[in-house]
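A short worksheet on the structure shown next.
Any value given below was found using the heavy atoms of this structure, including those in side chains, with hydrogens, waters and symmetry copies removed.
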Amino acid sequence: MRGKPIAAGKSSFDLIDPVRLFAELQLKKNTVLLDLACGNGLYAIAASEYIDEQGKIYAFDLWQEGIDSLRQEAAARQIRHIRAGVADVSVEIPVDDNSIDVCLMATVLHDLVEDKTEKGTLLQVGRVLKPDGLLAIIEFNKVDGKPGPPVQIRISPTELENILAPYNFRPVKNAEVGQFNYLAIYRKAPGIG
């Protein structure tokens, strides 16, 4: 297993508008959500307000301390439908094939591309998404300045589409979800995975 992730301990959650994000995602009570490379799980915790125990939230990251923090927060809030674990998602996402309705990757794809582990991760995402499942990616706008990673590793919406096309993800829509971030929603192409 690889070491500590590039941006371990950093989260974009405080930069985005969660009301806008979840309005765009249109999560239902019985949604099965995967928060991929979840860090300390702020997105998973927030999603639990939209997904109840009819659904499930999986959250995986390489960063043990983040997973421990998420588990503690979920227990403190008595959220019983979050399943958090340590995993190298570029090798294996520990859920069944075709079991996920929505996979959320919040400000992580640029790190996977920089680390050259996006191929394994995107193949795994394709495997676990249900037919017609959604891949929701939050990235930083491709502009210079803080907050966020250096501009040269940021991914524009056009670059994102080019990255995802070989994995049979088709664009659904893009939306601004904060001053610094955009959301891109893709659908798994029928018959893939």
Side-chain angles (χ1 to χ4, degrees), residues 1-3 5 21-22 24-48 50-64 66-68 70-71 74 79-139 155 160-174 183-193:
M1 187 181 292
R2 295 179 299 125
L21 169 65
F22 291 112
E24 294 291 342
L25 290 179
Q26 298 179 4
L27 301 176
K28 296 174 178 56
K29 296 288 186 188
N30 63 349
T31 298
V32 180
L33 174 75
L34 171 60
D35 184 357
L36 200 62
C38 65
N40 60 4
L42 295 177
Y43 286 94
I45 294 290
S48 72
Y50 299 87
I51 299 170
D52 65 14
E53 292 189 19
Q54 298 171 46
K56 194 173 289 182
I57 300 170
Y58 291 99
F60 298 110
D61 199 284
L62 271 174
W63 184 42
Q64 180 70 56
I67 294 300
D68 291 344
L70 171 55
R71 287 176 176 158
I79 303 169
R80 295 179 179 86
H81 57 290
I82 293 179
R83 306 286 183 264
V86 174
D88 183 343
V89 298
S90 69
V91 176
E92 182 179 8
I93 299 172
V95 298
D96 293 338
D97 294 1
N98 304 309
S99 62
I100 302 295
D101 294 306
V102 178
C103 175
L104 175 63
M105 295 176 68
T107 60
V108 68
L109 186 61
H110 64 267
D111 286 334
L112 297 173
V113 170
E114 182 74 3
D115 207 21
K116 298 184 178 17
T117 56
E118 80 281 3
K119 179 179 180 178
T121 304
L122 292 170
L123 287 170
Q124 283 292 305
V125 169
R127 177 185 67 78
V128 303
L129 276 178
K130 292 179 179 177
D132 217 32
L134 297 179
L135 172 58
I137 296 179
I138 299 171
E139 277 297 335
I155 300 170
L160 180 60
E161 189 169 342
N162 292 333
I163 290 168
L164 296 178
Y167 302 94
N168 295 302
F169 290 108
R170 303 294 177 249
V172 174
K173 65 179 171 178
N174 287 348
L183 168 69
I185 298 178
Y186 283 74
R187 188 172 303 282
K188 181 179 168 181
I192 303 299

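Environment of NZ in K116: sparse, with no more than 12 heavy atoms of neighbouring residues, nucleotides or ligands closer than 6.0 Å.
Scanning both residues, L183 and A136, for their nearest heavy atoms gives CD1-CB, 3.9 Å. Of all the heavy atoms in P171 and Y186, the pair that sits closest is N-CD2, 3.4 Å. Taking all atoms of both residues into account, the shortest heavy-atom contact from A106 to Y43 is CB-CE1, 3.4 Å. L160 and I155 get closest at one heavy-atom pair: N-CG2, 3.5 Å. A pairwise comparison of heavy atoms in I82 and A74 identifies CD1-CB, 4.4 Å as the closest pair. I79 and S48 get closest at one heavy-atom pair: CD1-OG, 3.3 Å.
Listed for the D35 side chain is no donor-acceptor partner under 3.5 Å among the backbone atoms of A59. With hydrogens and angles ignored, the 3.5 Å screen pairs no side-chain donor or acceptor of R83 with any backbone N or O of Y58. The backbone N or O of L33 sits nowhere less than 3.5 Å from a side-chain atom of D101 that would complete a donor-acceptor pair. Of the possible polar contacts, none joining the H110 side chain to the E139 backbone as a donor-acceptor pair under 3.5 Å is found. Judged by distance alone, with hydrogens and angles left aside, the side-chain atoms of K188 form a donor-acceptor pair with the main-chain N or O of G126 at under 3.5 Å.
In terms of the side chain to side chain contact (heavy atoms under 4.5 Å, CB included) criterion, residue partners of R71 (sequence neighbours excluded) are, by chain and number, Q64, I67, D68, A84. With sequence neighbours left out, Q124 forms a side chain to side chain donor-acceptor pair (under 3.5 Å) with R127. The side chain to side chain contact (heavy atoms under 4.5 Å, CB included) check on D52 picks up K29, Q54, with sequence neighbours excluded.
Rounded to the nearest 0.5 angstrom, L164 CG and L109 CG are separated by 6.5 Å. Rounding to the nearest 0.5 Å places CG of L123 at 10.5 Å from OG of S90. To the nearest 0.5 angstrom, I185 atom CD1 is 9.5 Å from I138 atom CD1. Rounding to the nearest 0.5 Å places CD of E161 at 9.0 Å from CZ of R170. In this structure, CG on N40 lies 9.0 Å from CD1 on I45, to the nearest 0.5 angstrom. With rounding to the nearest 0.5 Å, the separation of CG in D111 from OG1 in T117 is 8.5 Å.
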Quick one: do F169 and V125 satisfy side-chain contact (heavy atoms from CB on, under 4.5 Å)? Show the steps, please. CA-CA 10 Å; F169 290 108; V125 169; 3.8 Å; yes
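L122 has its side chain within reach of I163: a pair of non-hydrogen atoms, C-beta onward, lies under 4.5 Å apart. Contact check for Y50 versus L25: no side-chain heavy atoms found under the 4.5 Å cut-off. Counting heavy atoms from C-beta outward, L70 and C38 have side chains that approach closer than 4.5 Å.
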